[in-house]
Amino acid sequence: MFNLDEELKKLPAKPGVYLMHDKSDEIIYVGKAISLKNRVRQYFQKSRNVTPKIQRMIDRIAWFEYIVTDSELEALVLECNLIKEYSPRYNTMLKDGKSYPFLKATVKEAYPRLLFAREMKRDNSRYFGPFTSGKAIRDTIELVNSLFHLRSCRKSFPRDIGKERPCLYHQIGQCPAPCQGNVSEEAYRADFEKALKFLQGDTKPVIRELTEKMEEASAHMEFEEAAGYRDLIQSIQQVTEKQKITSDDNEDRDIVAMARGGDEAVVQVFFIRGGKLIGREHYYLTGVLEEENADVLSAFIKQMYSGTPYIPKEIWTEEEVSDSEAILEWLSAKRERKVYFRVPKRGEKERLLELAKRNAFMVLTKDAEKLKAEHARTVGAMEEIQRLLGMQGLVRVESYDISNINGFETVGSMVVFENGKAKKNDYRKFRIRTVSGPDDYGAMEEMLTRRFEHSKRENLSELDSFGHLPDIIFMDGGKGQVNIAEKVLLNLDISVPVCGMVKDDHHRTRGLYFRNQEIPIDTHGQGFRLITKIQDETHRFAIEYHKQIRSKAQVHSVLDDIPTIGETRRKALMRYFDSIEEIRNATLEELKAVPGMNERSAREVVKWAGREQGETSDRS
């Protein structure tokens with residue numbers, strides 16, 4: 001159970017990103033903070049003064065989580081990544097698609113340059129960033145070009161050597177004029193490499209020199225000049241600030257770090273997709289007291305990726321993994337492309353792994369009890385269900401339900417749970433097409449057929465949830481629903497076990513129907529609670545979709561059913577006449593007088609009204 005007061009006490013006074021969840025686990029807000037402790041607490045202070053929108057958001061918060069970063073800049077970029085990933089409903093001001101600029105080094109050019117870039121591309125260049133200040137990047141490019149005598153022109157070498165006179169930058173001694181062949185490519189590149197080291201953080205000599213000039217200018221009362229030096233120093237610090245949240249290779253990878261305490265451990269996984277950190281998950285392990293780190297990591301990786309539908313190209317760990325060759329062969333076969341283990345030892349990669357490890361330690365030390373309870377509710381509950389059914393390896397559960405009112409607008413729902421947690425990105429809605437009337441079995445057969453026929457298509461994307469078969473199907477019902485599902489799977493030659501969630505006369509879950517027998521279940525156990533949660537979530541999702549369909553049907557105009565009457569003509573008719581009844585009684589000539597109406601459309605309206613198309617203007 002999430003104890004708000006206790007969780008607020010655990011918040012660290014560090015920069016990071018916080019994620020607000022509602023009672024259904026939906027992420028409703030993502031924010032960043034210089035101090036998580038101060039920022040998150042503000043939401044729950046009684047004396048707070050917030051807008052009605054934020055108050056509505058606060059009223060919906062059921063629990064929160066956070067990710068610690070090393071700087072406010074990293075928090076900002078991570079916030080941007082997470083908002084794009086989850087589209088939280090209360091982050092409307094941040095859904096503007098804003099991009100953050102990069103500093104681009106064209107390392108493959110004959111005489112490379114430093115450029116301002118709005119996006120990162122696969123063009124063999126080296127990128128620094130992203131950053132929050134475009135001005136800081138431009139100021140730094142100008143400074144670095146001046147310090148290391150780099151060119152800023154757009155000429156292509158060696159093609160353009162000797163074609164034009166050297167530019168002004170050569171005249172003032174800033175550019176060595178490679179356009180005239182005055183400097184060899186080797187000598188120029190040596191200076192460029194020094195510039196790259198400067199951008200990587202080796203800035204102390206330059207900052208020391210600028211600081212001395214700033215202090216000298218200030219001592220001579222030249223405050224405007226001193227302010228210029230100060231701004232340059234700040235720009236350099238902004239651009240060269242270590243930024244680990246986004247990498248420049250656009251690769252997919254998982255970063256796995258572990259924190260241990262006694263017989264328990266927490267493994268933190270950062271998910272990098274397209275070079276951006278888009279989320280994290282932590283896992284609680286027990287029975288690790290006498291195990292080596294390499295063995296614990298090996299066991300974790302095998303368990304985690306056995307049920308994960310998507311496997312990235314790289315998995316970073318803090319040390320070598322036991323049985324790494326066999327595991328990589330297995331993962332590569334599952335991914336159908338090569339998978340690699342990496343053990344970063346220095347630089348930005350090692351610092352990102354250290355950030356994941358620091359978050360793991362924080363969870364271990366501050367959230368151990370909460371994590372134990374969460375583990376029992378999710379993974380522990382699935383293990384309990386496995387024992388009950390006499391099965392192993394159940395990770396992905398799909399559950400289905402039908403909703404209608406006397407056969408009107410029948411819809412179906414598919415919800416997905418993985419490791420005992422709802423995976424809402426994989427939920428799907430079905431509008432039943434071929435079944436009319438109150439035929440739940442027929443509607444269920446159509447929905448399951450469409451879902452599993454999709455899974456058999458070729459060249460499915462790895463991100464297409466229909467491409468991943470469940471380990472077990474839970475049907476919201478007993479023998480009849482199970483038989484329908486098994487019939488569909490048999491027809492499609494798909495082997496997935498099917499289990500029914502049986503309710504009593506009071507619509508409460510009483511047990512499971514599996515392999516032609518009803519299995520009683522302990523109503524006080526975590527497995528029972530998870531089954532009830534899956535059942536309730538499946539029912540809720542179906543009903544919500546049916547309500548949505550009904551609300552659309554209620555605003556459907558009878559005019560929409562008339563051939564040739566689209567939205568524009570419908571609006572024109574409603575503006576011209578005062579009511580539907582007046583439209584019904586209008587003559588052909590009156591209808592033709594409506595802006596945008598032609599004779600064919602007018603005759604269709606007359607026909608719809610049940611009168612002869614040749615009717616005159618006289619009214620009965």
Phe148 and Phe192 aromatic centres sub-6.0 Å:
no
Quick one: do [X] and [Y] make a salt bridge, cutoff under 4.0 Å?
X: Glu6; Y: Lys10; answer: no
X: Lys357; Y: Glu318; answer: yes
X: Glu209; Y: Lys213; answer: yes
X: Arg56; Y: Asp59; answer: no
X: Asp123; Y: Lys104; answer: yes
X: Glu418; Y: Lys423; answer: yes

For Tyr43, is the NZ or CZ atom of Arg41 found under 6.0 angstrom from the centre of its six-membered ring and inside 45 degrees of the ring axis?
no
Heavy atoms from other residues, nucleotides or ligands near [atom1] of [X] exceed 12 (cutoff 6.0 Å):
X: Gln42; atom1: CD; result: yes
X: Glu325; atom1: CD; result: no
X: Glu222; atom1: CD; result: yes
X: Leu8; atom1: CG; result: yes
X: Lys194; atom1: NZ; result: no
X: Lys313; atom1: NZ; result: no

Contact check, side chains of [X] and [Y], non-hydrogen atoms, under 4.5 Å:
X: Cys179; Y: Lys163; answer: no
X: Glu186; Y: Tyr188; answer: no
X: Ser298; Y: Ile327; answer: yes
X: Ile272; Y: Asp254; answer: no
X: Lys14; Y: Lys37; answer: no
X: Asn425; Y: Tyr427; answer: no
X: Ile67; Y: Phe270; answer: yes
X: Glu350; Y: Lys345; answer: no

Nearest 0.5 Å, what's the [atom1]-[atom2] distance between [X] and [Y]?
X: Ile27; Y: Arg89; atom1: CD1; atom2: CZ; answer: 12.5 Å
X: Gln180; Y: Cys175; atom1: CD; atom2: SG; answer: 10.0 Å
X: Thr211; Y: Glu215; atom1: OG1; atom2: CD; answer: 6.5 Å
X: Leu114; Y: Ile141; atom1: CG; atom2: CD1; answer: 6.0 Å
X: Leu210; Y: Tyr229; atom1: CG; atom2: OH; answer: 7.5 Å
X: Leu36; Y: Met362; atom1: CG; atom2: CE; answer: 8.5 Å

Exercise: identify the closest heavy-atom pair between [X] and [Y]:
X: Val321; Y: Ile301; value: CG2-CD1, 4.0 Å
X: Gly261; Y: Leu364; value: N-CD2, 3.6 Å
X: Ile61; Y: Met20; value: CD1-SD, 3.7 Å
X: His170; Y: Ala177; value: ND1-CB, 3.4 Å
X: Ala257; Y: Ala360; value: O-CB, 4.2 Å
X: Val256; Y: Val267; value: CG1-CG1, 3.5 Å

Are a donor atom and an acceptor atom from the side chains of [X] and [Y] found within less than 3.5 Å of each other?
X: Thr69; Y: Lys32; result: no
X: Glu319; Y: Asn293; result: yes
X: Glu65; Y: Trp63; result: no
X: Asp295; Y: Ser322; result: yes

Check whether any side-chain N or O of [X] sits under 3.5 Å from a backbone N or O of [Y] as a donor-acceptor pair, and report yes or no.
X: Ser332; Y: Leu328; answer: yes
X: Tyr169; Y: Leu150; answer: no
X: Arg151; Y: Cys153; answer: yes
X: Arg189; Y: Val107; answer: yes
X: Arg342; Y: Thr317; answer: no
X: Asp25; Y: His21; answer: no
X: Ser184; Y: Ala187; answer: yes
X: His149; Y: Pro176; answer: no
X: Ser146; Y: Glu142; answer: no
X: Asp160; Y: Ser156; answer: yes

In sequence, state the C-alpha distance, the side-chain angles, and the governing distance for Phe157 and Glu109, and then conclude on side chain to side chain contact (heavy atoms under 4.5 Å, CB included).
CA-CA 8 Å; Phe157 299 126; Glu109 284 188 313; over 6 Å; no
Chi angles and distances behind the ring pair (Phe, Tyr, Trp, His ring centres under 6.0 Å) call for Phe64, Tyr18:
CA-CA 7 Å; Phe64 61 80; Tyr18 54 92; 8.2 Å; no
Where do Glu212 and Glu216 land on the side chain to side chain contact (heavy atoms under 4.5 Å, CB included) test, with the steps shown first?
CA-CA 6 Å; Glu212 291 173 356; Glu216 183 179 349; over 6 Å; no
Side chain to side chain contact (heavy atoms under 4.5 Å, CB included), that's the test. Do Val339 and Glu314 meet it? Break it down for me.
CA-CA 6 Å; Val339 178; Glu314 294 181 357; over 6 Å; no
How would you list, by chain and number, every residue that makes a salt bridge (charged side-chain N to carboxylate O under 4.0 Å, His left out) with Arg60, sequence neighbours excluded?
Asp22
Could you go through Glu320 and Val343, starting from their C-alpha distance and side-chain angles, then the distance that decides it, and tell me whether this counts as side chain to side chain contact (heavy atoms under 4.5 Å, CB included)?
CA-CA 7 Å; Glu320 297 291 341; Val343 185; 3.8 Å; yes
